[in-house]
Amino acid sequence: MAPEAAPTEGELPRTYDPRAIEGAVTASWVEAGAFAAVPDPDPDRRRYVVMMPLPNVTGALHMGHAMDNVMQDLLTRWHRMAGDDTLWQPGTDHAGIATQAVVEKRLLELEGKTRLDIGREALVARIWAWKDEYQARIVRQQQAMGCGCAWDRQRFTMDPVCSAAVREAFFRLFQDGLIYRGDRLVNWDCHLQTAVADDEIVVETVQGTFTYIRYPVLDPRPGEPDHVVVATTRPETMLGDTAVAVHPAPRGALEAALRAAEDKLAAAPGKERAAAEAEVARLRARFDSHLPGLEALARMAADGRRVVLPLLERPIPIVADAWAKPELGSGCVKITPAHDPNDHEVGKRHPALGAINILNPDGTLNQNAGPYAGLDRFVARKRVVADLEAAGRLEKVEERTIELGHSDRSKTPVEPYLSKQWFVRMGDVPGGVVLGRGTPREHRAPGLAQAAIDAASGTWRSPTGRALAFHPDARYQATYTAWLAEKRDWCISRQLWWGHRIAVWRATLGEVADRAALVAAVRAGVAAGTLCGQVAHARTGEPLRLEGPDHLARLLDDPEWGVPGTEVALCIRDERAEATHQGPLEALGLARDPDVLDTWFSSALWPFSTLGWPDPAGAPTDAGQPGLGARDGRPSSLDAYYPGSCLVTGRDIITLWVARMVMLGLHALGDLPFTDVFVHANIQDGKGVRMSKTAGNGIDPLDIIAAFGADAMRYVLCDMQTGTQDIRLPVQAISPFTGKPVELATAKQAVVRGSKLRGVYEDPDTREPFDVIGTYEGIAKAATTSDRFEVGRNFCNKLWNAARFALLNLPAPGPSADSGPAWAPLARAALAAEDRWILGRLARGTALVTARLEAYDPSGALGAARELFWGDVCDWYLELIKPRLRDEATAPVARQVLAFALDQVLRLLHPFVPFVSEALWAQLGRQAPTRGITAPLAGATAASGGGLLARAPWPVADASWEDAALEAELERMREVTRAVRDLRAKYGVPPSKRLDARVRAPAVAAASLAGLAQHVQAMAGLATLEVGDAVERPRNSAVQVVGELEVYLADVLDPEKERARLEKQREQAQKQLAALEKKLGNEAFVARAPAEVVAAERARQAELQAQLAGIEQGLARL
RNA sequence: GCUCCCGUAGCUCAAUCAGGAGAGCGCCAGCCUGACGUGCUGGAGGUCGGAGGUGCGAUCCCUCCCGGGGGCACCA
């Protein structure tokens, strides 16, 4: 067919154009409900459940998310094809503090207003609008990537279904005494005015000061120091000091420190010696300079002596506590229990000290700061220092770099702040905790954290026999276990407006109008299971769980508890119960806690909140969504899809999220939410910085899809996913002003409205700002690109064209199809050698791809599929059958094998490149509706199990096609072909020139090669080929030695070139042989190496000797 | 400070149990070969970060050094 002829009906276009197929393929999936999860009534059907690591709605997805999503899609498509009842649950996360911060920031930037200006209701409404916008955008991105999620099950952590689960989980943990409210030092964000978790803090090195302050000793006696010196980076906190501490036994502690330093010096490698020596010297000097004073102070501490806090002139005690290290600073330390975590611990050891909070939530000082009340903490800091100096109490001020924790959300320094917060108890509890209460999987564990640690221990099994394991690299189990082992209680309250409001109503008894009515209400509620409660001790604040309907009544008669300061906290189970209880409780004087829950609390429930727990049948799903309850003989979604299978994520949320899902899944349902944690690589930008929404260095996958196609992007992501090695992705932005590419690794961040917005860069030519992640209104959005994705597009084009070639040779579709020969089973004997060979390769390739997927090795799996498709099918099989396809007598068998090979390749490639494979599959189905070798394959047509490739069965390797002898014969044929091609290239013979060749080979090899001679001729462009064990080398022929074979190519001899070429080969062979002979000449090697290694080396020696002999002969005949 | 990982071709990354170093891109040369120039054929290119050690044998195991990154903790 001439190129300019119009394509026949149904013929594929010449060039792969992703945009022409992606939309239609997506539509066909959606229309068929290809990814819907419908619980199978058969309890023995294998399930495969992946819960999407819910992206948060602060912004759009970048390449890092694309990697995460593609990995999940790869696994779920594969499992769906393999026949599993598969659910990939999509959804988004409200990301409490992050989203509120983004919206608040925008409010301030665009309208100059704060949340207090517009109020709680209006702010929350704006956040919902933001959420709607970004959730839609995220879904668009995921669908464009080809994500085969159960889209009709889309959930959001604050939707009614998930909210019901959050409320129930909180109620149950509260009821079990695993949630309590306590006085804790939290990390306080003064800007957002909320507590933030440890992992929401970024520590930055900043320039700071060390302020040394003198505290005069009250009534010093002769021989005693008249003051102590303490140092601090935050001088204003001295206003909250309640003591000064000194080590109780300074000499012993100093000696211990000196010994440690000396040990370190002894072990110090060269570079660290000088520093270690200096440290030892410094410590020795302290025995004279500091120790006497410290010992005096230790005695004074034991005596109950005091110092005077400057400025406020408050006497405070000297206490003895090992927290004060004689080897550091002055050896004394100020104790501020309300504003320093370590001091807080000291405070607990000396309860009489109390704690003085000097901060207001907004970071100004409160009335406890006396004359400094009302000042911002940074203003107060300066004034305190100035006043100390004026009072002569300032020893010195040092400039120093300090590590300062900043809130990741507001970027302002966090303050340790004493406040009441809600916590989940992570540690072991007396009697243990009940996991999966009321389920068939109910069992006990020492505590929540321990339960999660045990789950990954290797020996533990859940009641259903499941355990947790990390893939492909088990080392992340150590991260997980190490974090859990600390068993630090989890602060779950946030002082925000956006989130799940805690459903607890509280009051002190003093505030309760009618105790009898309260007792009655609690009795009724607890008995009905709609209320549970805790009381907090008036003095210690220690919580006590109410057990049984009458517990509160008894406590109120107890003089220890029945006092006005005792606080009662009641949790209302759900919204229906709230309708009953809220009014009466509030009338009694109880008020709802204003806090909301940490986002990770609702995220931790994701594997079952999405499935309708605790009541799938009653779950208030959205309009158009399927119900989650059991019906039509099918189990509920919860029963079908919990416990799940695999969690796919980057390593950064192993502790934040994975561990918490494990704990809360075990607590609620008694089983693991998944058994496999697949930790994939993170995508880094060109500078090696991990892409993240907050860093603003993300790249929009839609840009890459627009430029190269979704399949190309997926191909490259899969190919990059090797182990857990992070991947650098150099990216250019296309300037919206000049159209020129801008290398982002070197581009300047732009300053817009006085601040550096994340993800906004400056055009190097126009100096105008552009935005690469598309978050900012009014800033031009730049498309991004990276040439790393070209290989993906090239691969897809190759696949497209190979399929196109096959389809051009298969019967045309449509009414004329019946003119072609019908499908018929093929006997092995009817197949040509290359047919049997490719069937063997397909079997081997299928097994290899499957094995690599099972090993969580997407790159290996894709590599195997690519090698099979490109290396075997395209480079050899298609070329080998071209002559047969031109001959109607031999074409039908070749066509049938070709259709089968294409079928198998498309199935194997589908999880990697779903769009192009699905499009080609449709065309293959039209032209070869029945496919197979000995029997028709399942899943090829609508009649045999559904027309979509996404739902077609995964190939099963048929090892009976593997034939080692045949493979060896074909391999010899390929080697001879390559030898001829190599000679042609070396001698510059144009491919169009037909040559005469001879091969001398031992009889057996010669016989098999002769049977394949026509292939060598065709593939190497030969006019004639003579093979035998006695063929003569023609005069003037070049020679190539291939193992025991010698290939002669006539009429190309240029003696000088030939000599040079052979000499080079000889040199190489000699070099290798010499190394080998040296090895074999080593008696120790022969004696001590394994026999099979020695034998292999001997065989290789023989081979090299034969080759060398052939080369020598060739040289001799020149 | 503790701890983990990484360093292999110009680039981005592989290499199972220690036994002849690979892929893709890029580069060089040739090719308008009956689907594909987003292609085909051939080729060059590596002191496996450095130095020691153990082994018959080290890219691989051990120690130290250099360089890069992550996690945890702490800072009077």
Side-chain angles (χ1 to χ4, degrees), chain A residues 1 3 12 14-16 198 203 210-213 229-233 245 269-271 323-325 328-334 340-342 400 402-403 473 475-476 478-479 482-483 486 651-652 654-655 682 684 688-690 708 712 716 719-720 722-730 787-788 790-809 855 857 859-860 863 866-867 874-875 878-879 882 885-886 978 981-986 988-992 1018-1021 1072 1075-1076 1079 1082-1090 1092-1094 1096-1097 1100 1104:
Chain A
M1 179 180 57
L12 295 174
R14 248 182 115 72
T15 308
Y16 161 68
D198 292 345
V203 177
F210 250 36
T211 306
Y212 292 76
I213 312 171
V229 174
V230 295
T232 176
T233 57
K271 223 177 73 170
W323 166 241
K325 303 280 190 285
L328 290 175
S330 68
C332 294
V333 59
K334 65 197 267 303
D340 181 278
N342 294 305
R400 205 196 271 197
I402 53 174
E403 302 291 311
D473 186 336
R475 75 170 178 261
Y476 288 108
T479 306
W483 182 82
E486 294 191 29
R651 74 178 96 85
D652 37 309
I654 287 171
T655 53
N682 286 329
Q684 303 175 335
V689 178
R690 189 174 81 85
F708 300 100
V716 171
D719 200 37
M720 292 194 298
T722 52
T724 41
Q725 179 64 31
D726 287 346
I727 299 145
R728 261 183 208 214
L729 187 65
D787 53 19
R788 294 288 301 278
E790 280 175 12
V791 307
R793 185 199 51 190
N794 297 355
F795 177 86
C796 293
N797 184 61
K798 183 73 181 177
L799 179 59
W800 181 265
N801 273 291
R804 179 167 180 266
F805 172 79
L807 294 167
L808 288 171
N809 283 284
D857 177 12
S859 180
R866 175 182 56 226
E867 187 51 33
C874 292
D875 290 350
L878 288 184
E879 298 300 330
K882 274 179 179 175
L885 291 172
R886 286 177 217 130
R978 283 192 205 106
R981 286 172 175 171
D982 190 13
L983 284 173
R984 294 186 86 111
K986 289 275 154 65
V989 181
S992 50
M1019 301 288 281
Q1072 285 178 24
L1076 201 53
K1079 195 174 190 180
N1082 181 352
E1083 278 175 35
F1085 171 71
V1086 178
R1088 306 186 66 161
E1092 65 267 24
V1093 172
V1094 178
E1097 298 290 34
R1100 209 178 127 231
L1104 276 170

For A/R1088, the salt bridge (Lys or Arg N to Asp or Glu O under 4.0 Å) test, sequence neighbours excluded, returns none
Output row for RNA chain B, stems defined as at least 3 consecutive Watson-Crick or G-U pairs under 3.5 Å, is B:1-7 with B:66-72, B:10-13 with B:22-25, B:27-31 with B:39-43, B:49-53 with B:61-65
Rounded to whole Å, the CG-P distance (A/L983 to B/U41) equals 17 Å
From CZ of A/R984 across to C1' of B/C40 the rounded distance in Å is 14 Å
A/K1079 meets the salt bridge (Lys or Arg N to Asp or Glu O under 4.0 Å) criterion, sequence neighbours left out, with A/E1097
Whole-Å distance, A/E1083 CD to B/C56 C1', equals 11 Å
(Q) Between B/G42 and B/A23, how far apart are the two P atoms, rounded to whole Å? (A) 12 Å
Closest of B/C36, B/C56, B/G43 to the A/R14 side chain is B/C36
Contacts of A/A985 and A/P730 projected onto RNA chain B by closest heavy atom; the upstream (5') one is A/P730
* Asked: Is the backbone N or O of A/P730 less than 3.5 Å from a side-chain atom of A/R788, with the two atoms forming a donor-acceptor pair by type?
  -> no
Sorted by chain and residue number, the side chain to side chain contact (heavy atoms under 4.5 Å, CB included) partners of A/R728 (sequence neighbours excluded) come out as A/Q684
Rounding to the closest angstrom, what is the interatomic distance between B/G45 and B/C28 at atom P? 16 Å
A/R866 meets the salt bridge (Lys or Arg N to Asp or Glu O under 4.0 Å) criterion, sequence neighbours left out, with A/D719
Rounded to whole Å, CZ of A/R651 lies from P of B/C6 at a distance of 12 Å
Those residues at least two apart in sequence (or on a different chain) that pass side chain to side chain contact (heavy atoms under 4.5 Å, CB included) with A/N809 are A/F805, A/L885
Sorted by chain and residue number, the side chain to side chain contact (heavy atoms under 4.5 Å, CB included) partners of A/V791 (sequence neighbours excluded) come out as A/Y715, A/V716
(message) Measuring only the P atom in each nucleotide, how far is B/G49 from B/C11? A whole number of Å is fine.
(response) 13 Å
Review point. Given the C1' atoms of B/C36 and B/G43, what is the spacing between them in whole Å?
Key: 23 Å
A/F805 atom CZ is separated from B/U33 atom C1', nearest whole Å, by 12 Å
Here the side-chain hydrogen bond (donor to acceptor under 3.5 Å, both in side chains) pairs for residues 791-803 of chain A, sequence neighbours left out, are A/N797-A/N801
Taking B/U38, B/U41, B/A35 as options, the one with an atom nearest any side-chain atom of A/D875 is B/U41
- prompt: Base, sugar-phosphate, or nothing for A/K334, non-hydrogen atoms under 4.0 angstrom?
  reply: nothing
When the C1' atoms of B/A14 and B/U59 are considered, how many whole Å apart are they? 12 Å
In B/S/- notation (B base, S sugar-phosphate only, - none; protein heavy atoms under 4.0 Å), nucleotides 15-32 of chain B written 5' to 3' is ----BB---SS-----S-
When rounded to whole Å, the CD to P distance for the pair A/Q684 and B/C5 reads 17 Å
ask   = Does the side chain of A/T722 get closer than 4.0 angstrom to OP1 or OP2 of B/A14 through an N or O atom?
value = yes
A/N682 CG to B/C5 P, in whole Å, measures 17 Å
Separation of B/G55 atom P from A/N1082 atom CG, nearest Å, is 14 Å
Closest to the side chain of A/T15, out of B/G43, B/U12, B/U38, is B/U38
Query - P gap between B/C2 and B/U47, integer Å - result: 35 Å
**Report entry** Atom P, compared across B/A15 and B/U8: separation rounded to whole Å
**Finding:** 14 Å
| said: I'd like the C1' distance from B/A21 over to B/C60, given in whole Å. | reply: 12 Å
Counting only distance, no hydrogens or angles, is the base of B/A73 paired donor-acceptor with the side chain of A/E486 under 3.5 Å? no
Which of B/G43, B/C40, B/G34 is nearest the side chain of A/K798? It is B/C40
